[in-house]
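So that we are looking at the same thing, I have put the structure below in structure tokens.
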Amino acid sequence: MSTPITTPELPRSYDPAAIEPSIRDIWTQSDLGHVNAPLPQGSTPFAVLMPPPNVTSILHLGHALGATLQDVIVRHARMRGMETLWMPGTDHAGIATQTAVERRLLQDGKRRSDYTREAFVDIIHEWKDEYGAAILSQLRELGASCDWPRTRFTMDPVCAAAVREAFFQLFDEGLIFRGKRLVNWDPATETALADDEVEMEDVKGHMYYLRYPLSDGSGHVTVATTRPETMLGDTGVAINPEDPRAASLKGKKIMLPIVGREIPIVEDEYVIMSGQGDDPKAAFATGFLKVTPAHDPNDWEIGQRHDLEAINVMGPDASISDKHGWEDISEEARCFLGLSREDARTAIIEWFRKHELLEEIRDYDHAVGHSYRSHVPIEPYLSDQWFVRVTDDRLRGEAMRSINPEQYDGTPPPRETGSREGDGELSFSAPRYARSFQQWHENLRDWCISRQLWWGHRIPVWSKVLKFSEAGTPPTDLGNGMTDQTSWCQAPFCDRADDTLSIRLQIDRENEEVRILACVGRDAESIESDLEAAGFAQDNDVLDTWFSSALWPISTMGWPAPSAFPETEGLLEAFNPSSTLSTAREIITLWVSRMVMFNRFFRDGRLPFRDVYIHPTIQDGFGQKMSKSLGNGVDPRDIIESHGTDALRFIMTQLATSTQDVRLPLDLVCPFTGKTFTPEFITSSTGHQVTAPIQKSPDDPNRTMVTVYGQLSGTATATDEEPLARNSSSKFDSGRSFVNKFWNAARFALARSESPGTVDSLKSLGIIDRWMLSRIHRARRTIDAAIDSYQFNTCAEAVYDLVWRDFCDWYLESIKPTVADDAAQRQVLLTSLDVISRLLHPICPFVTEALWPHVQAMGSPGLPELGIKPSDSVSLASWPETDGLHDEEAEQQFERIKEIVNSIRRARADHDVPPRTKLTMAMPASLRSVIDPVQPAMLAMCTLEKIIDLGDEDGIQVHVEGQIIHLLGGDDEVDAESERARLQDRISELRKSIGALKGRLGNPGYVEKAPAHLVEETRKTLEQSEADLVTAEDSLRKLGA
RNA sequence: GGGCGAUUAGCUCAGUUGGCUAGAGCGCUUCGUUUACACCGAAGAUGUCGCUGGUUCGAGUCCGGCAUCGCUCACCA
């Protein structure tokens, strides 16, 4: 038969750049990933929930990892025949995007206040369009098989409807409230932040000791503080009741310096006594604590307990101000007005020093909350904000009860009545993350959801403030704050409440005012205009991004009204809950928790997903987290360009272990020469290791280039003369090699599998073919188990070993001499290639898709006992059913063959037999029975002339299974000296191991307690070793030792 | 300070209910380009599995202690 040596249309090496675009087109044309809903009867739904990336900036390798793993899961599920939904989308990321846009505007010297709200939002929209498109295109390049027609953005109408409905329901249920609270305030962006948007940073500061005179002139007390500027708002001084000085100070008052405010001394157990207890603060404490309820959360609590006034002495920008609640300002204090908090601190200290009231200043290191966006210190700030009462059992309790009981520490708070769908069905991989989830909920506080931003979902509440004289005086038992009792109030709308209007009142007794809060549901524009006509105004604030993110699992599927968005009909029923959420660690609290609470609340206890897989964090070469803001993020497209997408995906899969984060040392690609080199690094102003903004070409120091960090940090701009250097990393080399290896194996297999025969029974096949098929079966099982348990590295390893070790190294080498004349073997070869392509596809979709038509064109692959359905695209091909391929006997036989081949190769190398010298192998009958059925393979793999029965020949001795094989026909005499040395080494090695084995078997504990099969195995090994020892000793004797 | 994780070959990392005479990739040494692939093949070297006690017939794996590194929560007296 005249098989061509190579297939001409396939080039000698895999060129991803030339092939990938057309493969993407194939998937686009076939609408791969698009699911039609409602699902047909009898189908099995499977969904992965994609965390929508922020439109702040393009994706980096951390996202590429997440996307790759999700796509592996999704492609695997799809091939297994499930109706598989993976919906793509992006998140508007309120504060993050707004800050990014403001930063860009600032480069042109413009500020937010230079624009109207509408104009500014338009600018952000442009940014969103640009980056949103870039992100989606990155995902496509990665090969993500999403349901593209269903792409969503968190501010799409369907998502806005969900936000509106969710807010309305929560408001109506009393789970959303408005109140004056101390919140985390970011004075740079002038917005409130949630607790988890605050990052603690260590600060080298000072402890200031201030003397506060007693009003009666009988002396002073000394308070310790790190924030002297807040003293303007002090309304008390606290002392521990146990403090011996407390008694004599009872009832006394302080005359607050500068301000001239007379403030009480109160007793509170919260106060640490100087030098006592375990608290490290005790070493710095004086026993007297200045209490500033409006500027410190702990002081706020003390203030509540002792009925102290909260006097806010700052404006929203954290400068000293008497316009936000400070009414008793003195002449002395006026000179501090308008100072920033930093300047005010200096000025106050100077005042105390001048008046000899400054006792001491000591160095003090402590952690201070900073905004995770603007990175300025957070100001605890008293303001009116909106909150979700997540501490309510209907939210927090449901989240806690959803945890898989095996992963819960203790028992969750009980439900009042019985159990419910969703209870205990949420599992984390790795399980330890369930603990973080649990602990987060145990310490939960109400969630501040209002943001003083322009970019986001606006709060759907209209309000109007009325004096008691207009509205009526509220019954005294209603107290201060929010109430749903509206009957006493004579304001318009108070008697109106229906499916789209919910009224709450916020009572302010001090000012004798009531704020009427009217929450409007969706599709009720007429009510909105009625309200506005009556003088109500919509709240200016927008919602925390995570409010809409929390609804992502259901809003994208059309909740609450799929009929209003017909393309979403049937999705909720089929895909809520979804199967898996794959996300990063830091998102567990910000997002996972809130999705669970909301999904369960709005969907009768149903979970948003059942499994949460936490993937590793990608770090740079210095162990720093890869991030957009740090500027060390690598665009996956750089790697796609340097190594190909499959190589990137393969390495990402291989890196995903359950414990380790991933370090990726980076290289640069010189734009002039294409050469990869290690860049120079510098320490940035934030103390991080980053690439120097400008790098020299490794070949020509006169030519320079700009790095991504240079570009992002604004310190360098790429030009034609000084172009941008793309990133790369040698970490991906082995992935590229792997893909190329498979490509060439396929080329070879295709060239050898013309006119494949029909196989009637697997038993009619030879050992080599049966072995290959059994290995395929094993790999398939390993891959399935690995993906099902999110052990992606195991999956990658199984695929690698199957392709490279089993298929290339052994199978292809073994069949070379026979395949041309064996039609059945050609069928096995072709079918193996078909099945391996399927198994490899989820990880390496491009190369497998590129080869697929060539495989199918060779005939119709197939074997008895093997379930594979034909398909035009491997992405839609069935996942192989391989159970019938399992062949224990063939595997064992082939293992023996491999061992014999290895021994012969080793012996040839040891004896320096030239690689092309063909030897004659003389072997005993017992081994011939193993080798004879595969003689052609044996001759080829060991470069042998022929195989004969063992006689009295001399020659190179090979010891296998306690037997001797002789290799004849080497040109040179065997070097007796080195042969002796080799044998002696071998003998001492064997003696050592025999000693160990005998010791083990001589131990009664082992023989009695260890599993029988292990003891049996040990005995066999011992027997074998002893036989090997005898052979080796014999040989040594013959050499005449 | 609380919690979690890591420490295995020169480097990056596997090693899932204890059975290991501890693996992979890269790198290194030697040899090999007529015959799929040099993004290749063959052969080889390299480890007191952080330290220290304990449980066990048996510990890289389980338990206690210590050391170093990382993450996270708390902490503006």
Side-chain angles (χ1 to χ4, degrees), chain A residues 5-7 10 12-14 200 203 205 207-209 223-227 230 271-272 274 278-290 295-298 364 366-369 377-378 380 430 432-433 435-436 439-440 443 585-586 589 617 619 623 625 643 647 654-655 657-665 730-731 733-752 789 791 793-794 797 800-801 808-809 812-813 816 902 905-906 908-910 912 914-916 941 943 989 992-993 996-997 1000 1003-1011 1014 1017-1018 1021:
Chain A
I5 298 303
T6 57
T7 308
L10 297 180
R12 285 167 61 90
S13 61
Y14 178 63
M200 302 310 285
V203 168
M207 185 68 79
Y208 302 92
Y209 293 86
V223 298
T225 179
T226 56
R227 303 200 55 200
T230 64
V271 179
I272 295 165
S274 179
D278 298 333
D279 196 307
K281 279 182 289 202
F284 288 85
T286 63
F288 293 99
L289 179 63
K290 67 191 264 312
H295 292 281
D296 182 287
N298 296 315
Y364 185 68
H366 59 144
V368 176
I378 288 297
R432 64 175 177 278
Y433 296 117
R435 201 61 57 83
S436 328
Q439 282 166 1
W440 157 260
N443 300 317
R585 256 200 302 273
E586 70 264 23
T589 53
T617 305
Q619 305 169 338
K625 188 166 106 183
H643 288 80
Q654 194 183 46
L655 289 177
T657 66
S658 61
T659 49
Q660 293 278 82
D661 286 338
V662 177
R663 238 175 227 228
L664 272 179
S730 58
K731 195 102 185 175
D733 291 353
S734 64
R736 181 175 51 193
S737 304
F738 172 71
V739 176
N740 188 59
K741 183 74 179 178
F742 177 67
W743 173 262
N744 275 292
R747 281 203 320 138
F748 176 82
L750 289 169
R752 302 302 170 100
S789 57
Q791 292 173 339
N793 62 319
T794 307
E797 201 176 285
Y800 185 96
D801 286 344
C808 293
D809 288 352
L812 294 184
E813 295 304 325
K816 276 180 180 173
N902 287 337
R905 284 173 170 173
R906 206 175 302 131
R908 290 181 63 118
D910 284 348
D912 292 326
R916 260 174 286 168
M941 286 193 289
T943 324
E989 203 177 278
K992 208 174 131 194
S993 109
L997 292 165
R1000 199 182 302 172
N1003 181 338
Y1006 177 69
V1007 181
E1008 282 161 30
K1009 292 183 187 169
L1014 277 174
E1017 209 176 285
T1018 311
T1021 315

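Letters go in sequence order (proteins before strands), and every chain restarts at 1.
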Side chain to side chain donor-acceptor pair (under 3.5 Å) evaluation trace for A:N1003 with A:R1000: CA-CA 5 Å; A:N1003 181 338; A:R1000 199 182 302 172; over 6 Å; no
Using whole Å, what does the distance between atom P of nucleotide B:G32 and atom CE of A:M941 come to? 22 Å
Can you tell me how far P in B:G50 sits from the matching atom in B:U33, rounded to whole Å? 44 Å
Both distances under 3.5 Å, Watson-Crick or G-U wobble: report the partner of B:U7, or none. B:A67
Side chain of A:M200 (C-beta onward), nearest among B:C31, B:C75, B:A14: B:C75
Please measure how far the C1' atom in B:A59 lies from the corresponding atom in B:A77, and state the result in whole Å. 49 Å
Closest nucleotide among B:C57, B:A77, B:A36 to the A:K816 side chain: B:A36
Say we look at B:U17 and B:G53: how far apart would their P atoms be, to the nearest angstrom? 26 Å
Please check if the side chain of A:N740 supplies one atom and the backbone of A:R736 the other of a donor-acceptor pair under 3.5 Å. no
Would you indicate what A:N443 reaches in the nucleic acid, counting non-hydrogen atoms under 4.0 angstrom: base, sugar-phosphate, or nothing? nothing
Does A:K741 contact B:C37 through a side-chain donor or acceptor facing the base, at a distance under 3.5 Å? yes
Do any side-chain nitrogens or oxygens of A:N902 fall under 4.0 Å of OP1 or OP2 in B:A43? yes
Contact under 4.0 Å: A:R916 side-chain N or O vs B:G32 OP1/OP2: no
Looking at A:Y208 and A:V223, would you say the former's side chain and the latter's main chain have a donor-acceptor pair under 3.5 Å? no
Nearest to the side chain of A:A909, which nucleotide is it out of B:A77, B:A43, B:C76? B:A43
Step by step, would you call A:T617 with A:R585 a side chain to side chain donor-acceptor pair (under 3.5 Å)? CA-CA 8 Å; A:T617 305; A:R585 256 200 302 273; 3.2 Å; yes
Side-chain contact check for A:E797: nearest option of B:C37, B:C57, B:A14 is B:A14
Grab the two heavy atoms, one from A:Y1006 and one from A:L1014, that are nearest each other, plus how far apart they are. OH-O, 3.6 Å
Is any side-chain N of the basic residue among A:D910 and A:R905 closer than 4.0 Å to the acidic one's carboxylate O? no
Contact under 4.0 Å: A:T617 side-chain N or O vs B:C71 OP1/OP2: no
5' to 3', nucleotides 16-23 of chain B under a 4.0 Å protein heavy-atom cut-off (B base, S sugar-phosphate only, - none) gives B--B-B--
Over all strands shown, is A:Y433 touching base, sugar-phosphate only, or nothing at heavy-atom distances under 4.0 angstrom? nothing
Ignoring the backbone of A:D296, work out which of B:C39, B:A14, B:C76 is nearest its side chain. B:C76
Looking only at heavy atoms, the pair that brings A:A647 and A:G735 closest together is CB-C, 3.5 Å
With no hydrogens and no angle check, is any side-chain donor or acceptor of A:R908 less than 3.5 Å from a backbone partner on A:P914? yes
For B:C40, give its Watson-Crick or G-U wobble partner with both distances under 3.5 Å, or none. B:G32
Are A:R12 and B:A38 close enough that a side-chain N or O sits under 4.0 Å from OP1 or OP2? yes
Taking the nucleotide of RNA chain B with the nearest heavy atom to each, does A:D733 or A:A367 sit closer to the 5' end? A:D733
Quick one: label A:R906 by what it contacts on the DNA or RNA (base, sugar-phosphate, nothing), any heavy atom closer than 4.0 Å. sugar-phosphate
Between A:D296 and A:P380 (side chain of the first, backbone of the second, donor and acceptor by atom type, cut-off under 3.5 Å), is there such a pair? no
Are OP1 or OP2 of B:C13 and a side-chain N or O of A:R663 less than 4.0 angstrom apart? no
Spacing of the C1' atoms in B:G1 and B:C62 (rounded, Å): 28 Å
Side-chain N or O of A:T657 less than 4.0 angstrom from OP1 or OP2 on B:A14? yes
Pairing partner of B:U48, by Watson-Crick or G-U wobble and under 3.5 Å for both distances, is none
So A:F738, base contact, sugar-phosphate only, or nothing? Heavy-atom distance under 4.0 Å. nothing
Is there a donor on the side chain of A:Q654 or the base of B:A24 sitting less than 3.5 Å from an acceptor on the other? no
Please tell me if A:R227 has a side-chain N or O lying less than 4.0 Å from either OP1 or OP2 of B:C76. no
Options B:U35, B:C37, B:G44, nucleotide nearest the side-chain atoms of A:R752: B:U35
Give the rounded distance in Å between these two atoms: CE of A:M207 and P of B:C75. 15 Å
Against the side chain of A:R432, the closest entry in B:A77, B:G5, B:G25 is B:G5
Taking the six-membered ring of A:Y800, is NZ or CZ of A:K741 closer than 6.0 Å to its centre and within 45° of its axis? no
What is the distance, rounded to the nearest whole Å, between atom OH of A:Y208 and atom C1' of B:C76? 13 Å
Can you tell me the distance, in whole Å, between the CD atom of A:E989 and the C1' atom of B:G44? 14 Å
With sugar-phosphate meaning primed atoms plus P, OP1 and OP2, does A:V271 contact a base, only sugar-phosphate, or nothing at under 4.0 Å between heavy atoms? base
From the list B:A36, B:C76, B:A42, which nucleotide is the closest neighbour of the side chain of A:D809? B:A42
